[in-house]
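Have a look at the structure below before the remarks.
Every chain is numbered from 1, with letters handed out A, B, ... down the list of sequences.
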Amino acid sequence: MTSEALPVSTGIFRVDLWWLPRALALGLLAFIVFGPLANLVVWSVAEKWYFPHALPLEYGFGYWARVFSPRGNALESLTVSIVVAVITVIVSLTLAIPAGYALARLKLPLRGVILLAFLIPQAFPNLPVYVNVARLFYQIGLNGTIAGVVLVHVTHGLVYAVWIATAAFAAVDRELEQAARSIGAGAWRAFQDVTLPLAAPGLMASAVFVFLESLDEFTGSYFVGAPDVNTLPLLLYTAGAGGNYQVASVTALLLLVPSVGFMLAVERFLKADVLARVGH
Amino acid sequence: MALLELDRLDVGYGTTRVLDRIDLAIDRGEFVALLGSSGCGKTTLLRAIAGFATPSAGAIRVAGRDITRLPPDKRGVALVFQSYALWPHMTIDQNIGYGLKLKRRPREEIAGRVAELSAMLGLAGLGTRKPSQLSGGQRQRVALGRALAIDPQILLLDEPLSSLDARIRQSVRHEIRALQQRLGITAIHVTHDREEAMVMADRIVILDRGRIAQEGTPQEVYNHPASAFVAAFMGAENRLELKGRAVDGHFAIEAGPAHAACAIAVDGRVLAGGTVDARFRAEAACLIADGDGDGDPPAGLDLFGRVEHVTYPGGLWRHAVRVGDTAILVDAARAVAPESRVRVRVPAEALFLFEGRGGDVRDQRVPAPEL
């Protein structure tokens, strides 16, 4: 009897003990994620807040009005950021789909080296690279244009796009494609009807990464785009550097909108099994 | 004229040659099984016909048309994959109808043909499901339906039953065979399962290391194996070395320490004399315990030995008998106690004799019988 009762009681005991570290860990995680966000929200509605007060002295939406006023440039920057990000996604995927397919399917020599080559833009310190890029773009008239900024963002985003696209195509069983060929589909038709739809979740995932990277990119945009192409991070930088935390906070919150929106739109395509194949 | 002709076909990957000068002709409406152990090249041969493996030499012709260099979609042959390769993002109806959609048939015609095939294959009512919602047997039938929908000139089946469990496999064998005969399809079926090939095929082609070891009806390859490899593959796994010589139409086996002398009709075989490789099946031999009368077992070779142990795999008792320095397996309706002295009578027509003493290497390539 006792031998049967004992494991049950220790089981309950163990569960009780495990609650504490779990709750603590979850609480800490929530704080790490939401703490800075809460701080941003508070700052964005603080009309008057100075040391040593723990909370703002006056609340109001004055700074929101200022940011959204015609002179505030926020909506214009938001539009520029989204346009740049969308074009970057389109260009990156246009390059990454054939590249990923080739890397996944064909027996390319030096496949690993090619995959690593896409990492090179990330391997060097950003600043000297972009200073030189800016100089070069200046000579050929790309400085201060959307095209110039997109080009910089594409080199940056291509590593995610190509790697994830390669993984997505590798995850599609070759026999599924051959089955289509066998009953009369040409190579292009089989790709369109079978391979592409099955790789779509992975391609969506790579689109998310490229979009978020582009939205967030600062250094390249600063050297190549400013002051003509004013993306949201540049606006944020200007406000933050000027010591205006309220405007910076409102801009930062604004920056969250397209990221969260895009994430939600493609979240259902992001599947763990696709991401797990990255690098295979 | 044969529907499919393979003319001195060589296929290789890199420097390794997988298929070596394959000559084969298959008639319209014929069901041919390509039988062999893993690595013998049978799947490569099927993929070469389907267009997924490129021959380095030789030609493939379908109804007189050379298709050796044509892409897979222009060949008019349909391959059913071992993995079924159903498209997970399409419904069952879409999977089956895809080939017709490619041919730009009107929508009503596609729907009608899909419904007809679904009914024939017992898939009615499953049309809107996705492949992941079906059982293994149902998926197998969808794969078959998808290939049949385009009315291929030749249906290629790559071990289509190997991922089904043993009980379903038995019935699906007969279903596929019945379907093939009803529709008059020309089919090539790859398998490593001897019984499956015997039950389903009109003709069996046994492949060994990229060459055709023998082709013929199931009865021919079973009862008249052309080589020691084929004999072993077709289940004649008991092996003895005997000495003898050919004497006017008969092969006279000399008496040895554990067997009596006897004469076996040569029956077209080429046997020069000296040491021969003798093979027979466990169920073909008769076990006669000492003291039992002669009974009247058919004439043949008598072996003398001692029962080592007895097992019951079902139906018959299987005896391991030591004859001289080799062990053989003999089936009998009644169990004979271990340590008994016994006589094993191998009927003349069940004793396969081959030139030389080879076969040791090949023996290792014969898969264990499936239980």
- Assess whether atom CZ of A:Phe218 is packed by more than 12 heavy atoms of other residues, nucleotides or ligands within 6.0 Å. yes

Contact origin within [X] toward chain A - heavy atom pairs under 4.5 Å:
X        : answer
B:Leu86  : backbone
B:Arg75  : neither
B:Ala78  : both
B:Ile150 : side chain
B:Lys103 : neither

Shortest non-hydrogen contact from [X] to [Y]?
X        : Y        : result
A:Ala179 : B:Ala85  : CB-O, 3.8 Å
A:Ile183 : B:Arg146 : CD1-CG, 3.7 Å
B:Asp73  : A:Arg181 : OD1-NH2, 2.6 Å
A:Gln178 : B:Phe52  : O-CZ, 3.2 Å
A:Leu198 : B:His89  : CD2-ND1, 3.4 Å

- Decide yes or no on side chain to side chain contact (heavy atoms under 4.5 Å, CB included) for A:Arg189 and B:Leu102, but give the supporting numbers first. CA-CA 9 Å; A:Arg189 192 68 200 261; B:Leu102 290 174; 3.6 Å; yes

- Query: Most heavy-atom pairs under 4.5 angstrom with chain A, which of B:Pro152, B:Ala149, B:Pro88?
  - Reply: B:Pro88

- Note on the structure: The reported gap from OG1 in A:Thr195 to CH2 in B:Trp87 (rounded to nearest 0.5 angstrom) is 10.5 Å

